[in-house]
Amino acid sequence: MNEVRTRYAPSPTGRMHVGNLRTALYAYLISKHEGGSFILRIEDTDQERYVEGAVEIIYRTLQGTGLIHDEGPDKDGGYGPYVQSERQASGIYLEYAKKLVEKGAAYYCFCSKDRLDSIKNVLATPSEDEDSEVKEFTKYDKHCLHLSKAEVEEKLAAGVPYVIRQNIPTEGTTTFHDVIFGDIAVDNEELDDMILIKSDGYPTYNFANVVDDHLMKITHVVRGNEYLSSTPKYTRLYQAFGWEEPVYIHCPLITNEEHKKLSKRSGHSSYEDLLEQGFVSEAIVNFVALLGWSPSDNREIMSLDELVEAFDYKHINKAPAVFDMVKLRWMNSEYLKKMDDEKFYQMALPYIKEVIKKDLNTRRIAELIKTRIETFLDIKDLIDFFEDLPDYDIAMFSHKKMKTDAASSLTVLTELLPRFEALNDYSEAGIEEVMMSYIKEKGIKNGQGLWPVRTAVSGKQSTPGGAYEIMSILGKEESLNRIRIAIDKLSQ
RNA sequence: GGCUCCAUGGUCAAGCGGUUAAGACACCGCCCUUUCACGGCGGUAACAGGGGUUCGAAUCCCCUUGGAGUCACCA
């Protein structure tokens, strides 16, 4: 068997959508599982949609996710160029399109926009629903197919704008095979004579894709399920050229909570958006890998290497998968918990510093929040009390389980305050010693003694860390000040 | 609307003719615990419906229903 070659062929139109990310990931996994090559090809045949900087985003995303390509614009593997606009400059697409014209599998078309509009079919759409849009479709009527060779030459010579269309028979069926979906047959009658070369001379995605996949010796075409319905047209192209078709792997769609295909419009769903939402790259990749596939041993937390090892494209699901942000959050928390302390500290620090302006022990704070957050964005609300004591109600001091109320808390705080004031070793251990000896002396429950203190110094009922940790981090002056404030409040 | 595809708990997802129908997230409860969290234990919850085929159907076939995708000089 030949080397497995897969490609990721994005068009540079913005951030990388998670659906595309998964497609890229699967393409990567399929080739790497077999020790093959993963190729990056930039499909920039639509100059109008081209977004400045989008290519850099693609590189950054591939780099960040670890999907390292073996060939691409920046890594020549002998099949370049890897950017379609550069390829088109050499005229290869037009050249191949002309071959098809010679074979009768394609033809020149000179129809104007107006004429095309005139053959548009409008579907009777129930307009009762406000949000129902008018749907229409055009099936080209092969008007220009019947132009004689002389007529074509004449128009070309006169400089009449043209496109080149694929000539699809009106009878018979076209069948292709997909690894996941099996054999799919479509009546040729259903297939439109799609445009291969646009009037600006650029190839359409459909055509460039087929030509390039063949020229770059791509063995497995991995793409989204939305291409399933246009695949028969590609099959006809391969057949017309006499080329061997690649193995097709159409991935199931990733949908939103409404079970609709994720789109750029749904916002929050690109790789970079997720990073901004406080997720780590490894978790995103891991999560996305499991949308539509699962390993035979049921593992869920898997590194990229483990995915490469275990991936088997024959077990990809058919049904679309909902992108569940809640589960992603869980998975992210798993990665955070497993992360070594130093790395976690470095990653969390910017988020901590956003809230903590004072000179506090941020390293200790990071340790305390590590198992309590799902994304880095959770940090803010968790630690803001360190910076400023929130305005709280004395009802905070009442807790049934801890057997505390305002009165008991006042007593505890008042009795404890002088002991803290006398304490020189204001470390967690030092503070703990003071409190434990107090609790033992008074014969009260731990909670009864500790709860009021933590509440006093944090203004909250629940915090990362307990009384010792918070007091030690805040320092003697600030924490005792907060206890005095609490005593004040409770005395009124 | 045509065409194509899909259908196991709320979500992801095992299963590929014989199982008490896994597991994970979420949710609920209990334990641990100075709070919360982490961790541990347990629980609620599914084969869309109807016909076949078969000794036997979540698994195979058909129909219905539901959902999705697609129908551009966008990819």
Side-chain angles (χ1 to χ4, degrees), chain A residues 9-11 13 20 43-46 48-49 109 111 113 116 121-126 135-139 161-165 178 180-182 184-187 189-192 194-200 202-206 208-209 223-232 250 252-253 255 257 259-261 287 290-301 315 317-331 333 337 368-373 382 399 401-402 404 435 439 445-455 458 460-468:
Chain A
S11 58
T13 56
N20 291 137
E43 309 222 328
D44 58 346
T45 56
D46 186 350
E48 286 182 27
R49 289 213 310 164
C109 172
C111 290
K113 180 95 171 58
L116 257 22
N121 297 281
V122 177
L123 295 166
T125 313
K135 293 176 186 167
E136 50 190 19
F137 69 92
T138 311
K139 184 169 185 302
Y162 69 93
V163 300
I164 295 180
R165 284 182 185 274
D178 178 86
I180 301 170
F181 293 96
I184 295 175
V186 176
D187 288 338
E189 174 64 31
E190 299 294 330
L191 274 19
D192 190 25
M194 68 174 177
I195 290 171
L196 270 21
I197 300 291
K198 299 186 269 190
S199 58
D200 63 3
Y202 276 82
T204 53
Y205 157 84
N206 306 291
N209 206 258
R223 52 155 77 120
N225 185 303
E226 65 267 34
Y227 293 100
L228 217 43
S229 57
S230 44
T231 301
H250 286 93
L253 252 19
T255 74
E257 302 76 6
H259 300 273
K260 296 276 166 52
K261 183 174 111 172
F287 177 71
L290 263 25
L291 249 27
W293 176 81
S294 66
S296 50
D297 58 10
N298 266 322
R299 268 177 299 166
E300 290 210 290
I301 304 298
H315 285 106
N317 283 142
K318 295 177 182 175
V322 173
F323 188 87
D324 184 2
M325 197 59 95
V326 175
K327 187 152 185 178
L328 206 211
R329 291 181 65 87
W330 165 77
M331 189 166 278
S333 75
K337 277 178 282 192
L368 295 176
I369 58 177
K370 196 176 171 191
T371 62
R372 293 155 212 268
I373 60 170
L382 225 41
H399 194 282
K401 193 177 155 202
M402 297 298 114
T404 61
M435 295 188 67
I439 286 165
K445 285 190 64 182
N446 278 12
Q448 256 178 306
L450 296 168
W451 176 269
V453 180
R454 203 236 337 278
T455 301
S458 69
K460 292 184 161 190
Q461 286 195 319
S462 108
T463 57
Y468 325 137

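Below, chain A is the first sequence line, B the second, and so on; all start at residue 1.
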Legend entry - Residue whose closest nucleotide on RNA chain B lies nearer the 5' end, A:Leu228 versus A:Ala467: A:Leu228
Legend entry - Upstream residue (5' side of RNA chain B) when A:Trp330 and A:Ala185 are each assigned their closest nucleotide: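 Between the two, 5'-proximity favours A:Ala185.
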Legend entry - Base B:A68 to side chain A:Asn225, donor-acceptor N/O within 3.5 Å cut-off: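 Checked by distance alone, the answer is no.
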Legend entry - Base B:A24 paired with A:Lys327 side chain (donor-acceptor, <3.5 Å):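 Per atom types, the contact qualifies.
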Under the side-chain contact (heavy atoms from CB on, under 4.5 Å) test, residues paired with [X] that sit two or more places apart:
X	value
A:Asn298	none
A:Arg454	A:Trp451, A:Ser458, A:Thr463, A:Ala467, A:Ile470
A:Asp192	A:Lys139, A:Tyr140, A:Lys233

Inset, instruction - Return no unless some side-chain N or O of A:Lys260 is found under 4.0 Å from OP1 or OP2 of B:G67. - result: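 For B:G67, neither OP1 nor OP2 has a side-chain N or O of A:Lys260 closer than 4.0 Å.
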Inset, instruction - Verify the contact: side-chain N or O of A:Lys401 to OP1 or OP2 of B:C32, cut-off strictly under 4.0 Å; return yes or no. - result: no
Legend entry - Non-hydrogen side-chain atoms of A:Val453 and A:Met435 separated by less than 4.5 Å: yes
Legend entry - Any residue meeting side chain to side chain donor-acceptor pair (under 3.5 Å) with A:Thr231, in chain and number order, not counting sequence neighbours: A:Arg223, A:His250
Legend entry - Integer angstrom distance from the C1' of B:U8 to that of B:U59: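 B:U8 and B:U59 have their C1' atoms separated by 11 Å.
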Legend entry - Whole-Å P distance, B:A21 and B:A45: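 It works out to 14 Å between them.
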Under 4.0 Å between any heavy atoms, over every strand shown, what does [X] touch: base, sugar-phosphate, or nothing? Just pick one.
X	result
A:Leu290	sugar-phosphate
A:Asn317	sugar-phosphate
A:Tyr202	nothing
A:Val322	sugar-phosphate
A:Cys111	base
A:Ser458	nothing
A:Gln461	base
A:Thr463	base

Each nucleotide N or O in nucleotides 60-64 of chain B that has a protein N or O under 3.5 Å away: list the pair and distance.
none

What residues, two or more places apart in sequence or in another chain, satisfy ring pair (Phe, Tyr, Trp, His ring centres under 6.0 Å) together with [X]?
X	value
A:Tyr468	none
A:Tyr202	none
A:Tyr227	A:Tyr205

Legend entry - From A:Leu253 atom CG to A:Lys261 atom NZ, the distance as rounded to the nearest 0.5 Å: 6.5 Å
Legend entry - Listed nucleotide nearest any side-chain atom of A:Lys198, set B:C12, B:A75, B:C16: B:A75
Inset, instruction - Summarise protein proximity over nucleotides 37-47 of chain B in one line of letters, 5' to 3': B for base, S for sugar-phosphate only, - for none, counting protein heavy atoms closer than 4.0 Å. - result: BSS--------
